[in-house]
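Structure, as structure tokens:
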Amino acid sequence: MHTRVFLPLLLVAATLACGDPAGPGAGALYLVEASGEQFRVRVETEAQIGAMEARRRAGTTGVILGTLKAGDGGFNQPWSWHLDPASVVVPDAAIELCDGRPSFVEADLSYWIGTVKSFCPWGARIVGRVR
């Protein structure tokens, strides 16, 4: 009787201990420079990693676009914002509204998150893969 109750609880505990596969350790983390300032971008899928790696290997600057979220996300210190990893893309172009410096976002976070909703520095350069 105890085994029938204990075994399912043990399985649930083991599953929770393994953590979320899409959590902070998943995917890849990149250091990006925009207008002389740096921030970090985490991506989750192989397609996103491929796009970031292609841009990094090319050594070119261009747009990196993602949805803004409050908090550093556990990877974008010292900033109090981050790009939602699931939303990050590497497009050829983006609207001017979301272009700027990381410090612009930091200085008026409520406007950027509430009104602009995304960040897309046009001259972004991928400095390197952090992990």
Side-chain angles (χ1 to χ4, degrees):
M1 170 82 174
H2 293 294
T3 304
R4 281 187 270 159
V5 172
F6 182 71
L7 189 55
L9 289 175
L10 182 62
L11 290 173
V12 168
T15 301
L16 291 174
C18 290
D20 179 2
L29 184 65
Y30 291 90
L31 183 62
V32 177
E33 182 180 288
S35 301
E37 300 176 358
Q38 295 183 341
F39 65 103
R40 289 177 181 81
V41 174
R42 186 166 66 89
V43 293
E44 300 173 335
T45 69
E46 289 301 317
Q48 289 173 308
I49 293 170
M52 296 290 280
E53 284 297 320
R55 174 72 62 79
R56 184 186 64 77
R57 282 191 307 271
T60 58
T61 61
V63 178
I64 294 175
L65 169 68
T67 304
L68 283 165
K69 298 291 183 183
D72 67 19
F75 57 86
N76 194 33
Q77 303 85 4
W79 307 109
S80 60
W81 57 270
H82 68 284
L83 297 181
D84 177 7
S87 73
V88 175
V89 293
V90 183
D92 292 331
I95 63 172
E96 187 176 4
L97 179 64
C98 60
D99 181 29
R101 293 177 169 203
S103 59
F104 293 176
V105 176
E106 187 73 21
D108 199 357
L109 193 57
S110 61
Y111 167 74
W112 279 86
I113 288 178
T115 303
V116 180
K117 300 185 187 314
S118 60
F119 182 51
C120 66
W122 287 0
R125 181 177 66 85
I126 299 173
V127 175
R129 184 170 173 170
V130 177
R131 65 162 199 242

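Just so you know, these numbers use all the heavy atoms, side chains as well, and skip hydrogens, waters and symmetry mates.
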Test item: [X] side-chain N/O and [Y] main-chain N/O as donor-acceptor pair under 3.5 Å:
{"X": "Glu33", "Y": "Ala124", "value": "no"}
{"X": "Gln77", "Y": "Asp72", "value": "no"}
{"X": "Arg125", "Y": "Val127", "value": "no"}
{"X": "Arg55", "Y": "Val63", "value": "yes"}

Does the side chain of [X] reach to within under 4.5 Å of the side chain of [Y], using non-hydrogen atoms?
{"X": "Leu29", "Y": "Val41", "value": "no"}
{"X": "Trp81", "Y": "Lys69", "value": "no"}
{"X": "Leu31", "Y": "Arg129", "value": "no"}
{"X": "Pro121", "Y": "Arg101", "value": "no"}

How many angstroms lie between CD in Glu106 and CG in Asn76, if you round to the nearest 0.5 Å?
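If I round to the nearest 0.5 Å, the distance is 9.0 Å.
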Measure the spacing between OG of Ser103 and CG of Asp108 and express it to the nearest 0.5 Å.
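Nearest 0.5 Å value for the OG-CG distance: 11.5 Å.
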For the student: nearest non-hydrogen atoms of [X] and [Y], plus distance:
{"X": "Pro102", "Y": "Phe39", "value": "CG-CD2, 3.6 Å"}
{"X": "Ile126", "Y": "Met52", "value": "CD1-O, 3.3 Å"}
{"X": "Leu97", "Y": "Val116", "value": "O-CG1, 3.9 Å"}
{"X": "Cys120", "Y": "Leu65", "value": "CB-CD1, 3.5 Å"}

For residues 82-96, which side-chain donor-acceptor pairs fall under 3.5 Å, sequence neighbours excluded?
from: His82; atom 1: ND1; to: Gly71; atom 2: O; distance (Å): 2.7
from: His82; atom 1: ND1; to: Gly73; atom 2: N; distance (Å): 3.4
from: Asp84; atom 1: OD1; to: Ala86; atom 2: N; distance (Å): 3.3
from: Ser87; atom 1: OG; to: Thr67; atom 2: N; distance (Å): 2.8
from: Ser87; atom 1: OG; to: Asp84; atom 2: O; distance (Å): 2.8

Hey, do the aromatic rings of Phe119 and Phe104 have their centres closer than 6.0 Å?
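Here the rings of Phe104 and Phe119 have centres that are no less than 6.0 Å from each other.
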Taking ring pair (Phe, Tyr, Trp, His ring centres under 6.0 Å) as the test, write out the residues that go with Trp122, two or more places apart.
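By the ring pair (Phe, Tyr, Trp, His ring centres under 6.0 Å) rule, Trp122 matches no residue at all.
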If hydrophobic clusters are built by linking Ile, Leu, Val, Met, Phe, Trp and Tyr wherever their side-chain heavy atoms come under 4.5 Å apart, do Trp79 and Trp112 end up in the same one?
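Looking at the clustering, Trp112 is in the same group as Trp79.
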Only one of Arg42, Gln48, Arg40, Glu53 passes side chain to side chain donor-acceptor pair (under 3.5 Å) with Tyr30; say which it is.
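In the set Arg42, Gln48, Arg40, Glu53, the residue that makes a side chain to side chain donor-acceptor pair (under 3.5 Å) with Tyr30 is Glu53.
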Contacts of type side-chain hydrogen bond (donor to acceptor under 3.5 Å, both in side chains), residue Thr61, not counting sequence neighbours
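In terms of side-chain hydrogen bond (donor to acceptor under 3.5 Å, both in side chains), with neighbours along the sequence ignored, Thr61 is linked to no residue.
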